[in-house]
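Quick note on labels: first sequence line is chain A, next is B, and so on, each numbered from 1.
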Amino acid sequence: MSFERSTEQRLLADAATRWVADAEDLPADARWRAIAGFGWLAMLVPEADGGLGQDLADACALAEALGAGPARDPWLPVAVQAAGLLAACTDAGLRARWLPALADGAVRIVPATHERGGRGRSRADATRACREGDGWVLDGIERTVPGGDGADAWLVGASTEDGGLAVFVLTPGLPGLRATPLETVDGGRGCRLDIEGVRLGDDARLAGVGAAESARVDDHALVVACAESVGSMDALLRETVAYLRTRVQFGRPLAMNQALRHRVADLAIAVEEARSSALAAVLALDDAARGGDARAHARAAAGARAKVGSVARRVAEEAIQLHGGMGVTDELRIARHLKRQLALDAMLGASDWHLRRHATLRTATAAAAAAAAAAATLTATETMR
Amino acid sequence: MTPILDADDLAFRDEVRAFLRERLTPDLVRATRLNTSVFSEHEVCMRWHRALHARGWVAPAWPVEHGGTGWPLVRRWIWETELARAGAPPLSPMGLRMAGPVIMRFGTPAQRAHYLPRMLAGEDTWCQGYSEPGSGSDLASLSTRAVRDGDHYVVDGTKIWTTHAHHANRMFALVRTGAESARRQDGISFLLIDMASPGITVRPIRSASGDHEVNQVFFDGVRVPVTDRVGDEGQGWTVAKYLLEFERGGAIAAARLRAALERMVALAEQRGLLDDPDLALAISAVEVDVDALEATELRVMATMQVGQNPGGLVSSMLKLRWSEIQQSITRLGVRLLGADALAWESARPMPDAVSAAGLDDAARPLVAQYLNARAYTIFGGSSEIQREIVAREVLG
């Protein structure tokens, strides 16, 4: 029954907290080298693959510290998602080629899986993979790949003809592949991938990684994102409290106004609730993984993200409001925290979507829920007539 | 989420379950389910109290030296969770969770020796004399006065919202013993009052939920021995604040909230409403709140020792959230009833009466429970008072 961080986790978080403060003005490349140098990319890579073999709780301890920044390096997609997908791969060759290099930062390998995978927003032009002989042909557009600019490889999730999901390693320069750099809302660099008839051998496919494995990695990403959001909210609360104590209007500090005091109290409570949800989610995922219960795994991650994501948006919006005009400037970091929450929601799904998943996963089968939704739509249509 | 339980914990849980199978009779469970008040029906409460006392499990949060179980916190968590799942009646908190810890901490050896065993045995039923007609959230403005007369105080004034004063034989009360001073909190003392004393009148107040649980109590020249003062004269506010932290955050509330929510899910299923996506979403919204509260409680427990309370800030946070979540659950209950919410089930206690509308046990108490739950964010310090406590801690 432990919600306590281990000594190692506390040391990790302390080091990261110091670094976040010191590295504020470093350029992105230097930051990324530092992140690799600390071993933070290697955390979730198994030891046998050149990583540190740390666990989700360790990653969350780091994510919370990075969140205070707010986070702006593609650590989460690379170290959690790409590492998770590659670690689930059963092809020894692919693992040997990519995992040790990912772990020590020699290459940047970035997931391009955000267009699909249970986020309820798969688009018609999201990537599809068709069998051709022994290999595959991929077509589609991955519109926003966080951290994707200048990547050495992308892990592209594609739907297959049998309705499943496969993940392929795509490298720059492949015929039919075009990467267009773009900025992301959180101040990061990403890219758009246009994939037109890209031909790949089956050895570019992550063997053993299908919808289930991908979903498990997504669950991990959601829980790590929860921890990151907690770090962000904590920083927002601290900065808002400091501002209200010093900003004088009507001849007294804003902190003396009850209308504001009660809102700050609600924020403080919300942050503690979110922290609880984030910590509990790690244990719940452990429980579900031990019991081999994929539904419980997904439901715990969805529930935690639904709660933490909605609280994080609220805290960020309120922090801006309580900072008044200063809150909407680019000079303060307040609005950057909101932008980062937007990025997390866009990458991993917004909280209302996850709450719907949580509700749907209560019923025994997704099919029953789908039937119910169809019936409800039918009723609504008939009512309108 | 479940704490990781070792073999001893699991054996303990089995022992608890066996006890509950044997002693928690179906009529006790039914009475609890049909209860619409904050407290269990007095008779039901006392029957269960005696059953627990006979087993030595009536005071899980008390240290062994005072007759508690001395269980480590994980066992208390198991205990509360199993009781909630089984649908056991909650015991009155007034003695065991409020007066008890106060007497342990501030009482004299004689007070401990007299009151604590009687509390455990259920020989005394306690009520709380805090609020007054003119002193609600502004508790320190209270004006019930106790004037020293030899080895007695003479108490005059009135207390209100006194839950189960009509069942209680003992009250712990805040009274003004000192002159008006600059700090109003300074002149307050904490007395233990025999409800059979001459000069006490109890007037019932009926709640909007149809329950008689609260009362107004009048004191007219009531003599209270000075030996029944807890703490020094004028130190009542310190004692009261300590007690309020127990009232607000000393319980493990999430287990009962989860059980209540699961009853709503079962009712939704029974009524064929679980396929309604809006309703399923509303249930999930409450469930993730319960998950968070449960985890917060486990985090708090991990930092506490047996017999301690969690402190002001955490107590206020927990009280705010559990009261709000409780209200959300009762709101779901009314929503599930649909048109059946029109039926007013006025009979109390409910198990003895028949539902004229033919509602089953799952449906009958929901409207009254919803109305009764409006009080959760008011008693024990309103949500606005709790927010001010949190704000003081966070903002200064």
*Heavy-atom distances under 4.5 Å only: say whether R305(A) touches chain B with side chain, backbone, both or neither.*
neither
*asked:* Other residues, nucleotides and ligands only: do more than 12 of their heavy atoms fall within 6.0 Å of CD on E317(A)?
replied: yes
_Please classify the contact of V264(A) with chain B as side chain, backbone, both or neither, using a heavy-atom distance under 4.5 Å._
side chain
*May I ask you to say whether K307(A) pairs ionically with D289(B), meaning some side-chain N is under 4.0 Å from a carboxylate O?*
yes
*Is it the side chain or the backbone of R392(B) that comes within 4.5 Å of chain A heavy atoms, both, or neither?*
both
*Region of L355(A) that comes under 4.5 Å of a non-hydrogen atom in chain B*: both
*Contact part of E384(B) toward chain A, heavy-atom cut-off under 4.5 Å: side chain, backbone, both or neither?*
both
_R245(A), part contacting chain B, at a heavy-atom distance under 4.5 Å_ = side chain
*asked:* Please classify the contact between R275(A) and chain B as side chain, backbone, both or neither, with a heavy-atom cut-off of under 4.5 Å.
replied: both
_So, applying side chain to side chain contact (heavy atoms under 4.5 Å, CB included) with I269(A), which one of V394(B), L318(B), L320(B) is it?_
L320(B)
*What residues form a ring pair (Phe, Tyr, Trp, His ring centres under 6.0 Å) with W237(B), not counting sequence neighbours?*
none
*Measure distances from L279(B) to the heavy atoms of chain A and classify the residue's part below 4.5 Å as side chain, backbone, both or neither.*
neither
